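Everything numeric in this text was worked out from a predicted model, so none of it was measured.
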Amino acid sequence: MPPQPPAAGPGGAYGPVGVPAGQPIPGQMPPPEMTMPKPGTITGIQAILWIFLAIGVIGDVFSILALVNVFHPIGLLVVAYTLYVTVQSLVTPIHIGRGRRWAWIWNVVSVVVGLVYSAVGIVFGIILIEYGVLSLLFGLAFAALNGTLLGLLCSGSARQWILMNRV
């Protein structure tokens, strides 16, 4: 029986695979210095985004019902924004946990837009306070959630998590 040719791959017919030092080898765990446990800020970001998902679903239902009863162009903007918040809060928590930079950027932009909407809600709540305080309370609650989320997104540990998982 003729001798079998050496197997291809590391240490095989082509010799050892040259991997630069410090680079992970496919199929193996990266070296310990390249891994870090998920920080609590990332868990906090994910929790707030899940809260926004629940609020967004509830807001979707109520804004669509309000739009069906009385059509108004501002109501259409509210429906569009609540649908956007729902989709964004459904997609990005998973990818933030995986350290995806695009999800982090999308969240930062969404939080800034959310803070602007919160400020508008607070202003309208103050102007229309004689009709009720609901708009003011919602504006304040969303401003608090968005402010907390922005603080967590811009924290050093969250940015380090995104940069570390980008490697």
CG of Leu149 to OG1 of Thr41, rounded to nearest 0.5 Å, is 11.0 Å
Between Ser89 and Phe52 the two heavy atoms that sit nearest each other are OG-CB, 3.3 Å
- Item | Residues Gln88, Leu49; criterion side-chain contact (heavy atoms from CB on, under 4.5 Å); working and verdict | CA-CA 8 Å; Gln88 188 259 340; Leu49 288 171; 4.2 Å; yes
inquiry  = If hydrophobic clusters are built by linking Ile, Leu, Val, Met, Phe, Trp and Tyr wherever their side-chain heavy atoms come under 4.5 Å apart, do Ile96 and Met164 end up in the same one?
reply    = yes
Connected via hydrophobic side-chain network under 4.5 Å: Phe124 and Ile129: no
### Query
Can Leu153 be reached from Val91 by stepping across I, L, V, M, F, W or Y side chains whose heavy atoms are under 4.5 Å apart?
yes
Separation between CD1 (Ile55) and OG1 (Thr82), nearest 0.5 Å, reads 12.0 Å
Are there over 12 heavy-atom neighbours, none belonging to Tyr131, within less than 6.0 Å of that residue's OH? no
Here the gap from Ile64 atom CD1 to Leu67 atom CG, rounded to the nearest 0.5 Å, amounts to 8.0 Å
Closest non-hydrogen atoms of Gly121 and Ser135, given as atom of the first, atom of the second and distance, are O-OG, 3.4 Å
Checklist line | Heavy-atom side-chain contact between Ile105 and Trp102 under 4.5 Å | finding: no
| Close side-chain approach of Trp104 and Ile45, heavy atoms under 4.5 Å | no
Of Asn107, Leu53, Val87, the one forming a side-chain contact (heavy atoms from CB on, under 4.5 Å) with Thr92 is Asn107
*Just by modelled atom types, is the Leu163 backbone N or O under 3.5 Å from a matching donor or acceptor in the Arg101 side chain?*
no
CG (Leu136) and CD1 (Ile127) are apart, to the nearest 0.5 Å, by 11.0 Å
Review point. Are Val113 and Asn146 side-chain neighbours, meaning at least one heavy-atom pair lies under 4.5 Å?
Key: no
Scanning both residues in full, the closest heavy-atom pair of Ser118 with Ala143 reads OG-N, 3.3 Å
Is it the case that the side chains of Ser110 and Tyr84 hold a donor-acceptor pair, with the cut-off being a distance below 3.5 Å and no angle test? yes
CG of Leu145 to CG of Leu115, rounded to nearest 0.5 Å, is 10.5 Å
Between the NE2 atom in His95 and the CD1 atom in Ile162, the distance rounded to the nearest 0.5 Å is 12.0 Å
Applying a strict under-4.5 Å side-chain criterion to I, L, V, M, F, W and Y, I'd like to know whether Tyr81 and Val57 cluster together.
no
Exercise. Spell out, as yes or no, whether a donor-acceptor pair under 3.5 Å connects the side chain of Thr86 to the backbone of Gly56.
Key: yes
- [ ] Can you establish whether the number of heavy atoms outside Ile74 located under 6.0 Å from its atom CD1 is more than 12?
- [x] no
- [ ] State, yes or no, whether a side-chain contact exists between Val79 and Asp60 at a heavy-atom distance under 4.5 Å.
- [x] no
Centroid separation under 6.0 Å, is that true for the rings of Tyr117 and Phe142?
no
- Query: Do you reckon Ile58 sits in the same ILVMFWY cluster as Leu77, going by side-chain contacts under 4.5 Å, direct or chained?
  - Reply: no
Decide yes or no for Ile42 and Pro39: does some side-chain heavy atom of the first lie under 4.5 Å from some side-chain heavy atom of the second?
yes
